[in-house]
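If you scroll down you'll find the structure; I have some questions about it.
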Number of protein chains: 2
Amino acid sequence: MAQAPGTERVPRDWDQQLRARGYRATPQRQLVLEAVASLRHATPEDVGARVNQTARGVNISTIYRTLELLEQLGMVAHTHLGHGAPVYHLAEDADHVHLVCRGCGKITEISPDVARPLVATLDAEQGFETDVGHLTVYGRCADCRPRP
Amino acid sequence: MAQAPGTERVPRDWDQQLRARGYRATPQRQLVLEAVASLRHATPEDVGARVNQTARGVNISTIYRTLELLEQLGMVAHTHLGHGAPVYHLAEDADHVHLVCRGCGKITEISPDVARPLVATLDAEQGFETDVGHLTVYGRCADCRPRP
DNA sequence: TTTAGTGCAAATTTTTTGCAAAGTC
DNA sequence: GACTTTGCAAAAAATTTGCACTAAA
């Protein structure tokens, strides 16, 4: 049941999801989806590099357009982990919270359970529905905080 | 004690903070600080526009350099609220959590109290020190969520 | 076929950098 | 006066767009 890191786990019906909404299932779109799936957290540039490692000649503008489409369809999502670089991941894989350390830049993925009280409170008090998959917490990891 | 929105509330000793670390207190730096203070959440471009509304001719590159310096000194901080635009705010004002609605784009500032359990858990379980001032929660506000 | 999608090249937008002149301490 | 900082102009990134051609349905 475990999934080796770096393995593509594209939704089996990715093509149906596209066609069902009137879009076409193209090899480029499959490649982008596979790249996002295997890279876990990738910038458009990363995705482009990975895609062109398999298939030559997929243009960077196609990468951007495809990511935009896939995001709009809810198949991928993006967050900002570092400074300005948006990183994409499969929407399916979104079930985790990111911890970003300002000291060493390390990114840790943890269970969304820790956010449960927050989510509950926001729902109750603000009527706000939290997208846990996009929750990123900045701070300092154990190794980088002032007093260990 | 209340503070009218849009009023500059630059730390009184901003210049000392700079000089103490060997930097110089310049009018440009004061203007940038005031702009960040009054705009609350501003992109570098916003800051530049505001600054040049008061003083003519402050170059955009100075804005970038100044924001970078002030951030490094811990006087301002930035977050990503929208797509790729970094927004700056006074570090002093950071004591709130942002809710960003994916539907209407509305940004709400709420008390950091809601994050207290999260912060406590991360500290206890991961040794991670959360920077609450940079916590941004994406989701859907009461008006935009599927079922009201 | 028909219409959407891609590649390519060029245009934008955003951010960074080198350097001489001006300003701060 | 010594050493920073700024303005300017140009470079480098990052992202978007127009359009003719290719390919999916």
Side-chain angles (χ1 to χ4, degrees), chain A residues 13-36 41-73 75-76 78-88, chain B residues 13-36 41-73 75-76 78-88:
Chain A
D13 63 334
W14 68 273
D15 53 332
Q16 291 312 321
Q17 291 193 48
L18 284 167
R19 281 190 273 258
R21 305 229 222 165
Y23 297 102
R24 295 179 181 175
T26 68
Q28 288 89 339
R29 286 172 180 173
Q30 177 175 14
L31 287 166
V32 167
L33 213 38
E34 287 175 352
V36 170
H41 297 105
T43 63
E45 193 184 10
D46 293 336
V47 173
R50 167 61 68 104
V51 165
N52 278 291
Q53 190 173 304
T54 305
R56 263 283 99 174
V58 178
N59 198 276
I60 185 67
S61 62
T62 298
I63 304 292
Y64 276 100
R65 286 186 285 222
T66 301
L67 287 172
E68 185 181 11
L69 174 67
L70 296 177
E71 178 156 45
Q72 187 184 301
L73 296 182
M75 299 172 77
V76 307
H78 84 271
T79 320
H80 296 279
L81 294 185
H83 195 95
V87 298
Y88 287 81
Chain B
D13 62 335
W14 68 272
D15 53 333
Q16 292 312 320
Q17 291 194 46
L18 283 168
R19 280 189 275 257
R21 305 229 220 165
Y23 298 101
R24 292 176 182 178
T26 67
Q28 289 89 339
R29 288 172 178 174
Q30 178 174 15
L31 288 166
V32 166
L33 214 38
E34 287 175 353
V36 170
H41 297 105
T43 63
E45 192 184 14
D46 293 337
V47 173
R50 167 61 68 103
V51 165
N52 278 290
Q53 189 174 307
T54 306
R56 264 282 98 179
V58 178
N59 196 277
I60 186 67
S61 62
T62 299
I63 304 292
Y64 276 99
R65 286 187 282 221
T66 302
L67 287 172
E68 184 181 12
L69 174 67
L70 295 177
E71 179 157 44
Q72 188 185 301
L73 296 182
M75 299 172 77
V76 306
H78 84 271
T79 319
H80 296 278
L81 294 184
H83 195 95
V87 298
Y88 287 80

A:R50 bridged to A:D46 by N-O distance under 4.0 Å = no
Side-chain touch B:M75/B:L33, heavy atoms, less than 4.5 angstrom = yes
Is the backbone N or O of A:V58 less than 3.5 Å from a side-chain atom of A:Q28, with the two atoms forming a donor-acceptor pair by type?
-> no
N or O in side chain of A:Y64 less than 4.0 angstrom from D:dT15 OP1/OP2 = yes
Above 12 or not: heavy atoms from other molecules or residues under 6.0 Å from CD of A:E45?
-> no
Quick one: does B:N52's side chain have a donor or acceptor within less than 3.5 Å of a partner on B:G57's backbone?
-> yes
A:Q28 vs C:dG7: side-chain N/O to OP1/OP2 distance below 4.0 Å | yes
How close or far is atom P of D:dT15 from atom CG of A:D46, stated in whole angstroms?
-> 11 Å
Within this structure, what is the OH-to-C1' distance between B:Y88 and C:dT15, rounded to whole angstrom?
-> 10 Å
Between B:S61 and A:G22, who's closer to the 5' end of DNA chain C by nearest nucleotide?
-> A:G22
Difference in axis direction between the ends of the helix from C:dT1-D:dA25 to C:dC25-D:dG1, five pairs, 10° = 40°
Interatomic distance, B:I63 CD1 vs C:dT15 P [rounded to whole Å] | 12 Å
Scan A:R29 against the nucleic acid and name what it touches under 4.0 Å (heavy atoms): base, sugar-phosphate only, or nothing.
-> sugar-phosphate
When B:N59 and B:E45 are each assigned the nearest nucleotide of DNA chain C, the 5'-most assignment goes to B:E45
Roughly, in whole Å, what's the span from NE2 in A:H78 to C1' in D:dA14?
-> 14 Å
Could you check how far CD1 of A:I60 sits from P of D:dA14, rounded to whole Å?
-> 10 Å
How many Å lie between CZ on A:R65 and P on C:dC8, as a whole number?
-> 11 Å
Atom CG of A:L69 and atom C1' of D:dT15: how far apart are they, to the nearest Å?
-> 17 Å
Run the side-chain hydrogen bond (donor to acceptor under 3.5 Å, both in side chains) check on B:E68 and B:Q72 step by step: do they pass?
-> CA-CA 6 Å; B:E68 184 181 12; B:Q72 188 185 301; over 6 Å; no
Is a donor on one side and an acceptor on the other found under 3.5 Å between the side chain of B:R29 and the backbone of B:T66?
-> no
Side-chain heavy atoms of A:R19 within contact of A:R24, under 4.5 Å = no
What are the two closest non-hydrogen atoms of B:A55 and B:L31, and how far apart are they?
-> CB-CD1, 3.6 Å
Under 4.0 Å protein heavy-atom contact, by nucleotide of nucleotides 20-25 of chain D - B base, S sugar-phosphate only = ---BBS
Between CG of A:L67 and P of C:dT6 the distance, given in whole Å, is 12 Å
